Number of protein chains: 2
Amino acid sequence: MNSSDKKLIPYSKLLDDFKLLLRRNGLKFTVQREMILDVLYNSSEHLTPEELYELVKEQNPNLKTGIATVYRTLSLLEGERIVSSLSFGAQGKKYELGAKEHHDHMICTSCASIIEFVDEIIERRQQEIAKQFGFDMRDHSMQIYGICKNCKEKEK
Amino acid sequence: MNSSDKKLIPYSKLLDDFKLLLRRNGLKFTVQREMILDVLYNSSEHLTPEELYELVKEQNPNLKTGIATVYRTLSLLEGERIVSSLSFGAQGKKYELGAKEHHDHMICTSCASIIEFVDEIIERRQQEIAKQFGFDMRDHSMQIYGICKNCKEKEK
DNA sequence: GTCGCTGCAAAGTCTTTGCAGAGAG
DNA sequence: CTCTCTGCAAAGACTTTGCAGCGAC
């Protein structure tokens with residue numbers, strides 16, 4: 001599993017942050033919410049709500065879980081910037097924990113696979129452009145859309 | 001309308017290419033297909049299928065047009081690389097002609113103003129990165145979020 | 001004339017919502 | 001106890017598909 005090489009914070013810290021956030025907003029800490037956070041933390045992939053739902057059920061077969069709760073929790077987490085979402089090709093979104101190192105995305109519009117990358121030249125250039133416009137850059141996102149190697153080969 | 005300053009090829013050329021392509025594939029050139037291409041050509045925006053459908057109806061109220069045809073035509077055009085699609089936030093896709101100049105966005109989170117820009121260094125670098133991964137880049141989008149010059153000055 | 005195209009409506013997907021009971025605080 | 005959450009099923013939003021008639025070639 002190569003999921004651990006992207007972790008910036010330990011799970012316990014993430015969990016504490018989440019609990020604090022819930023308390024501050026008069027929301028409740030439930031098993032379902034913990035499971036969803038857990039699965040997100042332990043996955044190196046970008047997950048669709050459906051995939052996340054399956055993983056949660058798999059990891060805890062005793063707990064009844066509805067997909068509606070997954071959607072509701074993702075919505076909550078995204079609003080709090082704990083996860084971020086990407087839209088890809090056909091339909092739907094994929095989610096990932098925001099607590100990872102910054103990276104950009106290359107998205108295959110054919111198979112919806114996602115390649116993460118960071119490029120220093122681009123990162124630096126963005127800063128320069130922002131500066132040029134007197135713009136105070138706080139964040140950015142970049143997606144490259146196209147056809148990945150695998151799909152290109154399949155097409156032939 | 002500032003849509004015209006982005007055109008890379010004249011409409012007549014685009015239309016001829018489209019007709020040729022149809023003929024080559026044993027497909028037919030219909031009024032609906034022409035209308036859709038026309039609206040796409042004359043819009044500087046990324047359009048949702050729904051928006052495109054509305055514009056087509058508006059521009060040609062006499063012609064009966066179904067949204068299914070819009071979807072089918074977009075699918076065809078995308079398959080032939082004449083239009084490209086982008087998935088945005090919420091849901092659904094937006095389409096635009098591939099024959100336009102590309103630009104990125106700098107978005108002020110304070111006043112929501114948008115600055116468009118193109119940077120050759122970044123554009124080139126993206127191509128290189130895609131190539132590195134054996135990825136066939138079709139499109140990309142980049143957003144820089146932050147505080148624009150005006151808002152920064154106001155804050156003081 | 002043939003065979004692809006179109007509009008319509010029905011059927012699919014994916015996501016959200018209403019509700020009554022369960023459970024966290 | 002109170003008030004939020006949850007699962008379920010129903011409702012929505014967005015796309016695709018089947019079909020019979022229409023129209024490009």
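Everything numeric here is computed off the predicted structure, so don't read it as measured data.
- Residue Leu76(A) contributes atom CG, which lies 14 Å from atom P of dT17(C) at whole-angstrom precision.
- In this model, the phosphate group of dC8(C) is approached by a side-chain N or O of Lys64(B) to a distance below 4.0 Å at OP1 or OP2.
- With rounding to whole Å, Lys93(A) atom NZ is found 13 Å from dC14(D) atom P.
- Nearest nucleotide to the Ala68(B) side chain, out of dT17(D), dT15(C), dG7(D): dT17(D).
- Distance, Leu22(A) CG to dT4(D) P: 13 Å, rounded to whole Å.
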Compile the donor-acceptor pairs under 3.5 Å between side chains in residues 9-18 of chain B and protein atoms, sequence neighbours left out, one pair per line.
from	atom 1	to	atom 2	distance (Å)
Lys13(B)	NZ	Asp17(B)	OD1	3.1
Lys13(B)	NZ	Asp17(B)	OD2	2.9

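- Residue Thr65(A) is in sugar-phosphate contact alone, with no base atom involved, counting any heavy-atom pair closer than 4.0 Å across all strands shown.
- Regarding Leu20(B), its CG atom lies at a distance of 16 Å from the C1' atom of dC25(D), rounded to whole Å.
- No donor-acceptor contact under 3.5 Å links the side chain of Arg72(B) to the base of dG4(C).
- Every residue two or more places apart in sequence or in another chain that forms a side-chain contact (heavy atoms from CB on, under 4.5 Å) with Ile121(A) is listed here: Asp119(A), Ile121(B), Arg125(B).
- Remark: P of dC5(C) and CD of Glu34(B) are 16 Å apart, rounded to the nearest angstrom.
- Atom OH of Tyr71(B) and atom P of dC8(C) are 16 Å apart (whole Å).
- Pairs passing the salt bridge (Lys or Arg N to Asp or Glu O under 4.0 Å) check and including a residue from residues 21-31 of chain A, sequence neighbours excluded, do not occur.
- Applying the side chain to side chain contact (heavy atoms under 4.5 Å, CB included) test between Leu76(B) and each of Ile36(B), Leu27(B), Ile82(B), Val83(B) identifies Leu27(B) as the sole match.
- Judged by distance alone, with hydrogens and angles left aside, the side-chain atoms of Glu51(B) form a donor-acceptor pair with the main-chain N or O of Thr48(B) at under 3.5 Å.
- The stretch residues 23-33 of chain A comes close to DNA chain C through Lys28(A), Phe29(A), each having a heavy atom under 4.0 Å from the strand.
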Listed pairs under 3.5 Å, donor-acceptor, residues 129-137 of chain B side chains, sequence neighbours left out:
from	atom 1	to	atom 2	distance (Å)
Asp136(B)	OD2	Arg138(B)	NH2	2.9

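- Between the OH atom of Tyr53(B) and the C1' atom of dT15(D) there is a distance of 14 Å, given to the nearest Å.
- Atom-to-atom, NZ of Lys19(B) to C1' of dA24(D) comes out at 12 Å; the value is rounded to the nearest Å.
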Table please: side-chain donor-acceptor pairs of residues 59-70 of chain A below 3.5 Å, with sequence neighbours left out.
from	atom 1	to	atom 2	distance (Å)
Gln59(A)	NE2	Asp38(A)	OD1	2.9
Asn60(A)	OD1	Leu63(A)	N	3.4
Thr65(A)	OG1	Leu63(A)	O	3.4

